Protein chains: 2
Amino acid sequence: MSTIRGARERARIEVTAAIKDEARKQLAAEGAAKLSLRAVARELGMVSSALYRYFPSRDDLLTALIVDSYDAVGEAAEAALPKAGDTPGPYPARWVAVACAVRDWALAHPHEYALIYGSPVPGYTAPQDTVGPASRVGLVLIGLVREAYLAEGLAVPPLTAELRPEAERMAADLADDLPPGVVVALVGAWAQLFGLISFEIFGQFDRLVEARELLFRRAVHELGRSTGLLDGRSAGAGR
Amino acid sequence: MSTIRGARERARIEVTAAIKDEARKQLAAEGAAKLSLRAVARELGMVSSALYRYFPSRDDLLTALIVDSYDAVGEAAEAALPKAGDTPGPYPARWVAVACAVRDWALAHPHEYALIYGSPVPGYTAPQDTVGPASRVGLVLIGLVREAYLAEGLAVPPLTAELRPEAERMAADLADDLPPGVVVALVGAWAQLFGLISFEIFGQFDRLVEARELLFRRAVHELGRSTGLLDGRSAGAGR
DNA sequence: TCGAAAGCAAGAGCAGTGCTCTCGTTTCTG
DNA sequence: CAGAAACGAGAGCACTGCTCTTGCTTTCGA
(Lines give C-alpha, C1' and ligand atoms only; values in the text may rest on other atoms or scores of the structure.)
Protein backbone atom coordinates (compact mmCIF):
# COMPACT_ATOMS: atom_id res chain seq x y z
CA MET A 1 0.00 0.00 0.00
CA SER A 2 2.74 2.45 0.88
CA THR A 3 5.31 1.30 -1.63
CA ILE A 4 7.57 4.01 -2.92
CA ARG A 5 7.40 4.12 -6.66
CA GLY A 6 10.66 5.79 -7.55
CA ALA A 7 13.16 8.50 -6.96
CA ARG A 8 10.59 11.20 -7.50
CA GLU A 9 8.19 9.94 -4.86
CA ARG A 10 11.02 9.32 -2.44
CA ALA A 11 12.29 12.85 -2.96
CA ARG A 12 8.81 14.22 -2.44
CA ILE A 13 8.51 12.47 0.91
CA GLU A 14 11.88 13.73 2.01
CA VAL A 15 11.26 17.31 0.95
CA THR A 16 7.85 17.31 2.60
CA ALA A 17 9.41 16.11 5.82
CA ALA A 18 12.20 18.67 5.57
CA ILE A 19 9.67 21.45 5.13
CA LYS A 20 7.72 20.31 8.15
CA ASP A 21 10.87 19.98 10.21
CA GLU A 22 12.07 23.44 9.35
CA ALA A 23 8.57 24.84 9.95
CA ARG A 24 8.41 23.11 13.31
CA LYS A 25 11.77 24.63 14.16
CA GLN A 26 10.54 28.11 13.37
CA LEU A 27 7.32 27.41 15.20
CA ALA A 28 9.22 26.42 18.33
CA ALA A 29 11.46 29.44 18.03
CA GLU A 30 9.00 32.20 17.30
CA GLY A 31 5.46 30.91 17.45
CA ALA A 32 2.81 30.31 14.83
CA ALA A 33 2.30 33.99 14.05
CA LYS A 34 5.89 34.44 12.97
CA LEU A 35 6.07 31.29 10.87
CA SER A 36 6.80 32.35 7.31
CA LEU A 37 6.70 30.21 4.20
CA ARG A 38 9.40 32.31 2.60
CA ALA A 39 11.68 31.93 5.58
CA VAL A 40 11.18 28.16 5.55
CA ALA A 41 11.98 28.03 1.85
CA ARG A 42 14.98 30.30 2.31
CA GLU A 43 16.37 28.10 5.06
CA LEU A 44 15.91 25.05 2.86
CA GLY A 45 17.69 26.68 -0.07
CA MET A 46 14.65 26.65 -2.30
CA VAL A 47 12.60 29.43 -3.74
CA SER A 48 9.31 30.18 -2.04
CA SER A 49 7.13 29.28 -4.98
CA ALA A 50 8.59 25.77 -5.06
CA LEU A 51 7.19 25.18 -1.62
CA TYR A 52 3.66 25.46 -2.96
CA ARG A 53 4.17 22.18 -4.76
CA TYR A 54 4.12 20.53 -1.34
CA PHE A 55 1.64 22.62 0.63
CA PRO A 56 -1.06 24.54 -1.22
CA SER A 57 -1.04 27.33 1.35
CA ARG A 58 0.43 28.46 4.63
CA ASP A 59 -2.70 27.27 6.42
CA ASP A 60 -2.23 23.79 5.01
CA LEU A 61 1.30 23.70 6.37
CA LEU A 62 -0.04 24.80 9.74
CA THR A 63 -2.73 22.15 9.57
CA ALA A 64 -0.08 19.51 8.96
CA LEU A 65 1.82 20.76 11.99
CA ILE A 66 -1.39 20.69 14.01
CA VAL A 67 -2.02 17.07 13.09
CA ASP A 68 1.54 16.15 13.99
CA SER A 69 1.26 17.96 17.31
CA TYR A 70 -1.98 16.19 18.19
CA ASP A 71 -0.26 12.94 17.39
CA ALA A 72 2.77 13.84 19.49
CA VAL A 73 0.77 14.74 22.57
CA GLY A 74 -1.42 11.69 22.06
CA GLU A 75 1.63 9.50 21.88
CA ALA A 76 3.02 11.08 25.03
CA ALA A 77 -0.22 10.28 26.83
CA GLU A 78 -0.24 6.71 25.57
CA ALA A 79 3.37 6.22 26.59
CA ALA A 80 2.44 7.10 30.16
CA LEU A 81 0.17 4.07 30.40
CA PRO A 82 1.73 0.94 31.92
CA LYS A 83 3.50 -1.06 29.22
CA ALA A 84 2.84 -4.73 28.69
CA GLY A 85 4.82 -6.53 31.38
CA ASP A 86 4.81 -3.71 33.92
CA THR A 87 2.97 -4.15 37.14
CA PRO A 88 0.49 -1.32 36.84
CA GLY A 89 -0.13 0.98 39.79
CA PRO A 90 -3.55 1.93 41.11
CA TYR A 91 -5.89 3.67 38.71
CA PRO A 92 -5.77 7.16 40.26
CA ALA A 93 -1.97 7.08 39.96
CA ARG A 94 -2.24 6.08 36.32
CA TRP A 95 -4.68 8.91 35.73
CA VAL A 96 -2.24 11.39 37.25
CA ALA A 97 0.61 9.89 35.24
CA VAL A 98 -1.21 10.43 31.97
CA ALA A 99 -2.05 14.00 32.92
CA CYS A 100 1.53 14.70 33.92
CA ALA A 101 2.77 13.27 30.63
CA VAL A 102 0.54 15.67 28.74
CA ARG A 103 1.70 18.55 30.91
CA ASP A 104 5.34 17.63 30.41
CA TRP A 105 4.88 17.52 26.67
CA ALA A 106 3.20 20.91 26.76
CA LEU A 107 6.01 22.43 28.81
CA ALA A 108 8.55 21.02 26.37
CA HIS A 109 6.64 22.22 23.29
CA PRO A 110 4.75 25.34 24.34
CA HIS A 111 4.25 26.74 20.86
CA GLU A 112 3.00 23.45 19.50
CA TYR A 113 0.68 23.21 22.47
CA ALA A 114 -0.56 26.72 21.75
CA LEU A 115 -1.13 25.69 18.18
CA ILE A 116 -3.57 22.96 19.12
CA TYR A 117 -5.10 24.08 22.41
CA GLY A 118 -4.82 27.84 22.04
CA SER A 119 -6.83 30.03 19.75
CA PRO A 120 -7.46 28.30 16.44
CA VAL A 121 -5.29 30.33 14.06
CA PRO A 122 -6.05 29.20 10.48
CA GLY A 123 -9.68 29.35 9.54
CA TYR A 124 -12.04 29.06 12.39
CA THR A 125 -13.27 25.52 11.93
CA ALA A 126 -10.77 22.73 12.29
CA PRO A 127 -10.22 20.73 9.11
CA GLN A 128 -11.55 17.21 9.09
CA ASP A 129 -8.05 15.69 9.18
CA THR A 130 -7.49 16.95 12.69
CA VAL A 131 -10.44 15.36 14.46
CA GLY A 132 -8.91 11.90 14.58
CA PRO A 133 -5.52 12.78 16.07
CA ALA A 134 -7.21 15.40 18.27
CA SER A 135 -9.07 12.74 20.18
CA ARG A 136 -6.12 10.55 21.09
CA VAL A 137 -5.60 12.02 24.56
CA GLY A 138 -9.30 11.78 25.20
CA LEU A 139 -9.29 8.17 24.13
CA VAL A 140 -6.47 7.41 26.55
CA LEU A 141 -8.48 8.88 29.42
CA ILE A 142 -11.61 7.01 28.36
CA GLY A 143 -9.70 3.75 28.08
CA LEU A 144 -8.18 4.21 31.49
CA VAL A 145 -11.50 4.89 33.18
CA ARG A 146 -13.16 2.04 31.34
CA GLU A 147 -10.48 -0.34 32.51
CA ALA A 148 -10.90 0.86 36.07
CA TYR A 149 -14.65 0.47 35.80
CA LEU A 150 -14.47 -3.08 34.51
CA ALA A 151 -11.77 -4.08 36.99
CA GLU A 152 -12.89 -2.58 40.26
CA GLY A 153 -15.90 -0.42 39.62
CA LEU A 154 -16.36 3.32 39.96
CA ALA A 155 -18.14 5.75 42.25
CA VAL A 156 -20.63 6.70 39.56
CA PRO A 157 -21.33 10.45 39.69
CA PRO A 158 -25.05 11.21 39.90
CA LEU A 159 -26.97 12.73 37.00
CA THR A 160 -29.84 15.17 36.97
CA ALA A 161 -32.87 14.25 34.94
CA GLU A 162 -32.33 17.06 32.42
CA LEU A 163 -28.78 15.97 31.76
CA ARG A 164 -29.59 12.29 31.33
CA PRO A 165 -30.55 12.26 27.62
CA GLU A 166 -27.40 14.11 26.61
CA ALA A 167 -25.35 11.89 28.90
CA GLU A 168 -26.74 8.77 27.29
CA ARG A 169 -26.10 10.15 23.83
CA MET A 170 -22.51 10.93 24.68
CA ALA A 171 -22.03 7.57 26.33
CA ALA A 172 -23.28 5.86 23.19
CA ASP A 173 -20.79 7.85 21.14
CA LEU A 174 -17.76 7.53 23.36
CA ALA A 175 -18.00 4.49 25.58
CA ASP A 176 -21.23 2.57 25.64
CA ASP A 177 -20.03 0.30 28.42
CA LEU A 178 -19.54 3.19 30.83
CA PRO A 179 -22.34 4.64 32.95
CA PRO A 180 -23.57 7.95 31.47
CA GLY A 181 -22.72 9.81 34.66
CA VAL A 182 -19.12 8.77 34.33
CA VAL A 183 -18.96 9.90 30.71
CA VAL A 184 -20.31 13.34 31.57
CA ALA A 185 -17.81 13.72 34.40
CA LEU A 186 -15.04 12.47 32.17
CA VAL A 187 -15.68 14.96 29.39
CA GLY A 188 -15.71 17.73 31.96
CA ALA A 189 -12.50 16.49 33.54
CA TRP A 190 -10.91 16.31 30.10
CA ALA A 191 -11.60 19.99 29.44
CA GLN A 192 -10.59 20.99 32.95
CA LEU A 193 -7.30 19.14 32.68
CA PHE A 194 -6.36 21.24 29.67
CA GLY A 195 -7.52 24.34 31.50
CA LEU A 196 -4.89 23.70 34.14
CA ILE A 197 -2.21 23.15 31.53
CA SER A 198 -3.22 26.11 29.39
CA PHE A 199 -3.16 28.50 32.32
CA GLU A 200 0.34 27.40 33.16
CA ILE A 201 1.63 27.46 29.58
CA PHE A 202 -0.03 30.73 28.68
CA GLY A 203 1.39 32.52 31.70
CA GLN A 204 -1.77 32.97 33.74
CA PHE A 205 0.01 31.52 36.78
CA ASP A 206 2.98 33.90 36.47
CA ARG A 207 3.67 35.78 39.68
CA LEU A 208 0.98 33.72 41.37
CA VAL A 209 1.77 30.04 41.55
CA GLU A 210 5.26 28.73 42.20
CA ALA A 211 4.98 25.01 42.91
CA ARG A 212 3.06 24.37 39.73
CA GLU A 213 3.60 20.64 39.47
CA LEU A 214 2.38 20.06 43.01
CA LEU A 215 -0.71 22.15 42.38
CA PHE A 216 -1.28 20.37 39.10
CA ARG A 217 -1.00 16.91 40.65
CA ARG A 218 -3.40 17.82 43.41
CA ALA A 219 -5.98 19.23 41.01
CA VAL A 220 -5.66 16.33 38.59
CA HIS A 221 -5.95 13.79 41.36
CA GLU A 222 -9.13 15.50 42.44
CA LEU A 223 -10.30 15.46 38.83
CA GLY A 224 -9.79 11.69 38.78
CA ARG A 225 -11.90 11.36 41.88
CA SER A 226 -14.63 13.48 40.29
CA THR A 227 -14.95 10.98 37.45
CA GLY A 228 -15.39 8.17 39.97
CA LEU A 229 -11.91 6.70 40.20
CA LEU A 230 -11.72 4.93 43.56
CA ASP A 231 -9.05 6.28 45.80
CA GLY A 232 -8.56 3.82 48.64
CA ARG A 233 -8.34 6.71 51.08
CA SER A 234 -11.41 8.86 51.26
CA ALA A 235 -9.81 12.23 50.57
CA GLY A 236 -6.54 14.03 50.14
CA ALA A 237 -4.02 14.61 47.42
CA GLY A 238 -1.85 11.77 46.31
CA ARG A 239 1.34 11.92 44.31
CA MET B 1 -6.98 64.97 37.51
CA SER B 2 -8.61 63.98 34.24
CA THR B 3 -9.42 67.47 33.02
CA ILE B 4 -9.37 67.85 29.28
CA ARG B 5 -6.96 70.61 28.37
CA GLY B 6 -8.28 71.66 25.01
CA ALA B 7 -9.56 70.71 21.64
CA ARG B 8 -6.38 68.84 20.82
CA GLU B 9 -6.57 66.54 23.83
CA ARG B 10 -10.27 65.98 23.29
CA ALA B 11 -9.66 65.03 19.69
CA ARG B 12 -6.89 62.67 20.73
CA ILE B 13 -9.20 60.84 23.11
CA GLU B 14 -11.89 60.55 20.49
CA VAL B 15 -9.56 59.33 17.77
CA THR B 16 -7.96 56.80 20.11
CA ALA B 17 -11.39 55.46 20.97
CA ALA B 18 -12.40 55.35 17.31
CA ILE B 19 -9.29 53.36 16.47
CA LYS B 20 -9.97 50.86 19.23
CA ASP B 21 -13.60 50.56 18.20
CA GLU B 22 -12.74 49.87 14.58
CA ALA B 23 -10.00 47.46 15.63
CA ARG B 24 -12.42 45.64 17.90
CA LYS B 25 -14.85 45.42 15.01
CA GLN B 26 -12.24 43.83 12.78
CA LEU B 27 -11.16 41.58 15.64
CA ALA B 28 -14.70 40.33 16.09
CA ALA B 29 -15.10 39.81 12.36
CA GLU B 30 -11.86 38.11 11.42
CA GLY B 31 -9.80 37.40 14.51
CA ALA B 32 -6.57 38.79 15.85
CA ALA B 33 -4.42 37.35 13.08
CA LYS B 34 -6.29 39.26 10.39
CA LEU B 35 -6.38 42.56 12.24
CA SER B 36 -4.50 45.07 10.11
CA LEU B 37 -3.43 48.57 11.06
CA ARG B 38 -3.75 49.72 7.50
CA ALA B 39 -7.28 48.38 7.23
CA VAL B 40 -8.25 50.15 10.44
CA ALA B 41 -6.78 53.40 9.19
CA ARG B 42 -8.45 52.95 5.81
CA GLU B 43 -11.83 52.43 7.42
CA LEU B 44 -11.34 55.53 9.52
CA GLY B 45 -10.41 57.63 6.51
CA MET B 46 -6.91 58.30 7.69
CA VAL B 47 -3.57 57.28 6.33
CA SER B 48 -1.82 54.39 8.03
CA SER B 49 1.15 56.37 9.26
CA ALA B 50 -1.12 58.74 11.15
CA LEU B 51 -2.25 55.86 13.28
CA TYR B 52 1.21 55.49 14.76
CA ARG B 53 0.68 58.77 16.61
CA TYR B 54 -1.83 56.90 18.75
CA PHE B 55 -0.36 53.43 19.02
CA PRO B 56 3.37 52.92 18.61
CA SER B 57 2.90 49.49 17.04
CA ARG B 58 0.37 46.87 16.15
CA ASP B 59 1.22 44.97 19.31
CA ASP B 60 0.43 48.00 21.40
CA LEU B 61 -2.98 48.24 19.80
CA LEU B 62 -3.54 44.57 20.54
CA THR B 63 -2.41 45.09 24.11
CA ALA B 64 -4.95 47.86 24.50
CA LEU B 65 -7.65 45.53 23.19
CA ILE B 66 -6.46 42.83 25.58
CA VAL B 67 -6.78 45.17 28.54
CA ASP B 68 -10.25 46.20 27.44
CA SER B 69 -11.29 42.58 27.01
CA TYR B 70 -10.04 41.64 30.46
CA ASP B 71 -12.02 44.53 31.82
CA ALA B 72 -15.13 43.53 29.91
CA VAL B 73 -15.12 39.94 31.11
CA GLY B 74 -14.29 41.10 34.62
CA GLU B 75 -17.22 43.46 34.54
CA ALA B 76 -19.48 40.68 33.29
CA ALA B 77 -18.41 38.52 36.21
CA GLU B 78 -18.98 41.31 38.72
CA ALA B 79 -22.39 42.05 37.28
CA ALA B 80 -23.42 38.47 38.00
CA LEU B 81 -23.00 39.02 41.73
CA PRO B 82 -26.14 39.98 43.66
CA LYS B 83 -26.63 43.74 43.52
CA ALA B 84 -27.18 45.79 46.65
CA GLY B 85 -30.84 45.32 47.57
CA ASP B 86 -31.24 41.89 45.99
CA THR B 87 -31.90 38.94 48.22
CA PRO B 88 -28.89 36.83 47.32
CA GLY B 89 -29.27 33.13 46.65
CA PRO B 90 -27.15 30.39 48.17
CA TYR B 91 -23.42 30.54 47.56
CA PRO B 92 -23.15 27.59 45.14
CA ALA B 93 -25.80 29.23 42.95
CA ARG B 94 -23.88 32.51 42.99
CA TRP B 95 -20.73 30.64 42.02
CA VAL B 96 -22.49 29.06 39.07
CA ALA B 97 -23.99 32.42 38.12
CA VAL B 98 -20.58 34.05 37.92
CA ALA B 99 -19.21 31.19 35.83
CA CYS B 100 -22.18 31.34 33.49
CA ALA B 101 -21.73 35.09 33.09
CA VAL B 102 -18.13 34.56 32.03
CA ARG B 103 -19.19 31.81 29.64
CA ASP B 104 -21.94 33.97 28.16
CA TRP B 105 -19.49 36.79 27.58
CA ALA B 106 -17.08 34.40 25.91
CA LEU B 107 -19.77 33.02 23.62
CA ALA B 108 -20.77 36.56 22.67
CA HIS B 109 -17.16 37.68 22.07
CA PRO B 110 -15.25 34.59 20.97
CA HIS B 111 -12.38 36.43 19.30
CA GLU B 112 -11.85 38.72 22.25
CA TYR B 113 -11.93 35.68 24.50
CA ALA B 114 -9.34 34.01 22.30
CA LEU B 115 -7.24 37.12 22.54
CA ILE B 116 -6.97 36.90 26.31
CA TYR B 117 -7.33 33.20 27.11
CA GLY B 118 -5.97 31.69 23.93
CA SER B 119 -2.39 31.63 22.78
CA PRO B 120 -0.65 34.85 23.65
CA VAL B 121 -0.13 36.47 20.23
CA PRO B 122 2.11 39.53 20.67
CA GLY B 123 5.37 38.88 22.43
CA TYR B 124 5.34 35.98 24.76
CA THR B 125 5.21 37.75 28.10
CA ALA B 126 2.17 39.78 28.92
CA PRO B 127 2.84 43.49 29.37
CA GLN B 128 2.58 44.82 32.89
CA ASP B 129 -0.60 46.77 32.10
CA THR B 130 -2.57 43.58 31.66
CA VAL B 131 -1.97 41.95 35.03
CA GLY B 132 -4.41 44.17 36.90
CA PRO B 133 -7.46 43.75 34.64
CA ALA B 134 -6.51 40.11 34.09
CA SER B 135 -7.20 39.29 37.72
CA ARG B 136 -10.68 40.75 37.97
CA VAL B 137 -12.52 37.48 37.35
CA GLY B 138 -10.24 35.74 39.83
CA LEU B 139 -10.95 38.45 42.40
CA VAL B 140 -14.68 37.95 41.98
CA LEU B 141 -14.31 34.24 42.67
CA ILE B 142 -12.07 34.88 45.67
CA GLY B 143 -14.48 37.45 47.05
CA LEU B 144 -17.40 35.09 46.66
CA VAL B 145 -15.67 32.24 48.43
CA ARG B 146 -14.42 34.52 51.18
CA GLU B 147 -17.93 35.79 51.78
CA ALA B 148 -19.23 32.24 51.95
CA TYR B 149 -16.44 31.28 54.34
CA LEU B 150 -17.12 34.15 56.70
CA ALA B 151 -20.88 33.71 56.55
CA GLU B 152 -21.41 30.01 56.83
CA GLY B 153 -18.02 28.31 56.67
CA LEU B 154 -16.54 25.98 54.12
CA ALA B 155 -15.66 22.32 53.82
CA VAL B 156 -11.94 23.04 53.82
CA PRO B 157 -10.16 20.78 51.33
CA PRO B 158 -7.25 18.89 52.91
CA LEU B 159 -3.64 19.69 52.10
CA THR B 160 -0.62 17.45 51.83
CA ALA B 161 2.45 18.43 53.78
CA GLU B 162 4.48 19.17 50.66
CA LEU B 163 1.84 21.50 49.30
CA ARG B 164 1.37 23.42 52.54
CA PRO B 165 4.19 25.99 52.21
CA GLU B 166 3.10 26.98 48.72
CA ALA B 167 -0.51 27.06 49.85
CA GLU B 168 0.32 29.40 52.69
CA ARG B 169 2.32 31.64 50.39
CA MET B 170 -0.54 31.84 47.92
CA ALA B 171 -3.05 32.46 50.69
CA ALA B 172 -0.93 35.34 51.98
CA ASP B 173 -0.88 36.81 48.48
CA LEU B 174 -4.48 36.32 47.54
CA ALA B 175 -6.69 36.06 50.61
CA ASP B 176 -5.02 35.83 53.98
CA ASP B 177 -8.31 35.24 55.74
CA LEU B 178 -9.03 32.05 53.80
CA PRO B 179 -7.65 28.63 54.78
CA PRO B 180 -4.69 27.68 52.54
CA GLY B 181 -6.47 24.53 51.41
CA VAL B 182 -9.32 26.62 50.05
CA VAL B 183 -6.97 28.94 48.19
CA VAL B 184 -5.23 26.03 46.48
CA ALA B 185 -8.55 24.51 45.45
CA LEU B 186 -9.77 27.89 44.30
CA VAL B 187 -6.81 28.57 42.03
CA GLY B 188 -7.26 25.14 40.50
CA ALA B 189 -10.97 25.69 40.03
CA TRP B 190 -10.25 29.04 38.40
CA ALA B 191 -8.04 27.43 35.76
CA GLN B 192 -10.43 24.54 35.27
CA LEU B 193 -13.36 26.88 34.77
CA PHE B 194 -11.59 28.49 31.84
CA GLY B 195 -10.65 25.08 30.54
CA LEU B 196 -14.33 24.29 30.17
CA ILE B 197 -15.01 27.59 28.43
CA SER B 198 -11.97 27.37 26.17
CA PHE B 199 -12.85 23.88 24.98
CA GLU B 200 -16.31 25.06 24.04
CA ILE B 201 -15.18 28.31 22.38
CA PHE B 202 -12.27 26.73 20.54
CA GLY B 203 -14.40 23.97 19.08
CA GLN B 204 -13.07 21.02 21.02
CA PHE B 205 -16.63 20.00 21.90
CA ASP B 206 -17.80 20.10 18.27
CA ARG B 207 -19.48 16.89 17.18
CA LEU B 208 -19.19 15.65 20.76
CA VAL B 209 -21.21 17.66 23.23
CA GLU B 210 -24.64 19.06 22.43
CA ALA B 211 -26.17 20.31 25.67
CA ARG B 212 -23.16 22.42 26.48
CA GLU B 213 -24.73 24.74 29.00
CA LEU B 214 -26.07 21.83 31.03
CA LEU B 215 -22.69 20.13 31.02
CA PHE B 216 -21.03 23.40 31.93
CA ARG B 217 -23.35 24.04 34.84
CA ARG B 218 -22.84 20.56 36.19
CA ALA B 219 -19.06 20.79 35.99
CA VAL B 220 -18.95 24.27 37.48
CA HIS B 221 -21.23 23.29 40.30
CA GLU B 222 -18.89 20.44 41.06
CA LEU B 223 -15.98 22.87 40.87
CA GLY B 224 -17.67 25.00 43.52
CA ARG B 225 -18.01 21.98 45.76
CA SER B 226 -14.34 21.17 45.26
CA THR B 227 -13.39 24.54 46.71
CA GLY B 228 -15.50 23.84 49.78
CA LEU B 229 -18.74 25.65 48.99
CA LEU B 230 -21.44 24.00 51.09
CA ASP B 231 -24.20 22.49 49.07
CA GLY B 232 -27.09 21.70 51.35
CA ARG B 233 -27.60 18.44 49.52
CA SER B 234 -24.66 16.06 49.58
CA ALA B 235 -24.23 15.57 45.86
CA GLY B 236 -25.76 16.20 42.46
CA ALA B 237 -25.89 19.01 39.98
CA GLY B 238 -27.99 22.01 40.79
CA ARG B 239 -28.99 24.86 38.58
C1' DT C 1 0.84 88.97 21.85
C1' DC C 2 3.75 86.62 19.07
C1' DG C 3 7.06 83.25 17.99
C1' DA C 4 9.07 78.82 19.17
C1' DA C 5 7.77 74.20 20.15
C1' DA C 6 5.13 70.44 19.98
C1' DG C 7 1.41 67.69 17.91
C1' DC C 8 -0.57 66.26 13.79
C1' DA C 9 -1.94 64.19 8.88
C1' DA C 10 -0.18 62.98 4.62
C1' DG C 11 2.76 60.81 1.37
C1' DA C 12 6.66 58.21 -0.26
C1' DG C 13 9.27 54.43 0.55
C1' DC C 14 11.49 50.00 2.55
C1' DA C 15 11.55 45.27 3.67
C1' DG C 16 8.85 41.62 4.25
C1' DT C 17 4.72 38.54 3.46
C1' DG C 18 1.32 34.98 0.93
C1' DC C 19 0.30 33.65 -3.41
C1' DT C 20 -0.01 33.24 -8.75
C1' DC C 21 1.74 32.65 -13.26
C1' DT C 22 5.00 31.44 -16.68
C1' DC C 23 8.89 29.00 -18.46
C1' DG C 24 12.39 25.63 -19.13
C1' DT C 25 13.86 21.10 -17.26
C1' DT C 26 13.53 16.53 -15.32
C1' DT C 27 11.16 12.34 -14.42
C1' DC C 28 7.66 9.01 -15.02
C1' DT C 29 4.54 6.18 -17.96
C1' DG C 30 1.67 4.32 -21.74
C1' DC D 1 10.24 6.87 -27.38
C1' DA D 2 6.97 10.48 -27.13
C1' DG D 3 3.56 12.71 -24.38
C1' DA D 4 2.24 13.81 -19.73
C1' DA D 5 2.99 14.99 -15.30
C1' DA D 6 5.83 16.88 -11.70
C1' DC D 7 9.27 20.06 -10.54
C1' DG D 8 12.40 24.38 -9.47
C1' DA D 9 13.31 29.05 -10.62
C1' DG D 10 12.02 33.66 -11.38
C1' DA D 11 9.11 37.68 -11.95
C1' DG D 12 5.35 39.94 -10.28
C1' DC D 13 0.95 41.42 -7.59
C1' DA D 14 -1.32 43.02 -3.62
C1' DC D 15 -0.78 43.39 0.94
C1' DT D 16 1.45 44.12 5.55
C1' DG D 17 4.10 46.81 9.61
C1' DC D 18 6.86 50.50 10.07
C1' DT D 19 10.01 54.81 9.21
C1' DC D 20 11.11 59.23 7.53
C1' DT D 21 10.28 63.63 5.66
C1' DT D 22 7.27 67.48 4.62
C1' DG D 23 4.17 70.89 5.53
C1' DC D 24 0.22 72.62 8.56
C1' DT D 25 -2.12 73.65 13.05
C1' DT D 26 -2.58 74.02 17.80
C1' DT D 27 -0.58 75.08 22.14
C1' DC D 28 2.08 77.52 25.42
C1' DG D 29 5.57 80.46 27.54
C1' DA D 30 8.48 84.70 27.42
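Owing to the predicted nature of the structure, the values given are computational and were not obtained by experimental measurement. Heavy atoms only: backbone and side chains are in, while hydrogens, waters and symmetry mates are out. So that the names make sense, note that chain A is the first sequence line, chain B the second, and so on, each numbered from 1.
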Salt bridge A:D68-A:R24, side-chain N to carboxylate O under 4.0 Å: yes

Residues A:K25, A:E43: salt bridge by 4.0 Å N-O rule: no

Pair B:E166 + B:R169: basic N to acidic O under 4.0 Å: yes

Length of the CG-C1' vector between A:L51 and C:dG18, whole Å: 11 Å

Between A:S57 and A:D60: side-chain donor-acceptor atoms closer than 3.5 Å: yes

Side-chain heavy-atom pair A:L61, A:Y54 within 4.5 angstrom cut-off: no

All side chain to side chain contact (heavy atoms under 4.5 Å, CB included) counterparts of A:R38, not counting sequence neighbours: A:S36, A:R42, A:S48

Interatomic distance, B:R12 CZ vs D:dT25 C1' [rounded to whole Å]: 15 Å

Contact letters for nucleotides 15-23 of chain D, in which S counts primed atoms plus P, OP1 and OP2 and B counts the base, heavy atoms under 4.0 Å: -BBBBB---

Residue A:V47, side-chain heavy atoms: nucleotide from C:dC8, D:dA9, D:dA5 that is nearest: D:dA9

Sequence-distant partners of A:A114, side chain to side chain contact (heavy atoms under 4.5 Å, CB included), two or more places apart: A:F202, B:S119

Sugar-phosphate, base or nothing in reach of A:F55, heavy atoms under 4.0 Å: nothing

Side-chain ion pair, B:R10 and B:E14, N-O less than 4.0 Å: no

Contacts of A:R212 that satisfy side chain to side chain contact (heavy atoms under 4.5 Å, CB included) - sequence neighbours left out: A:R103, A:E200, A:F205, A:D206, A:V209

Axis bend over the full length of the helix from C:dT1-D:dA30 to C:dG30-D:dC1, computed from five pairs that close each end, to 10 degrees: 0°

Parallel, tilted or perpendicular: ring planes of A:Y117 versus A:Y70, cut at 30 and 60 degrees: perpendicular

Of residues 21-31 of chain A, the positions that come close to DNA chain C - non-hydrogen atoms, cut-off under 4.0 Å: none

Distance below 4.0 Å between A:Y54 side-chain N/O and D:dG8 OP1 or OP2: yes

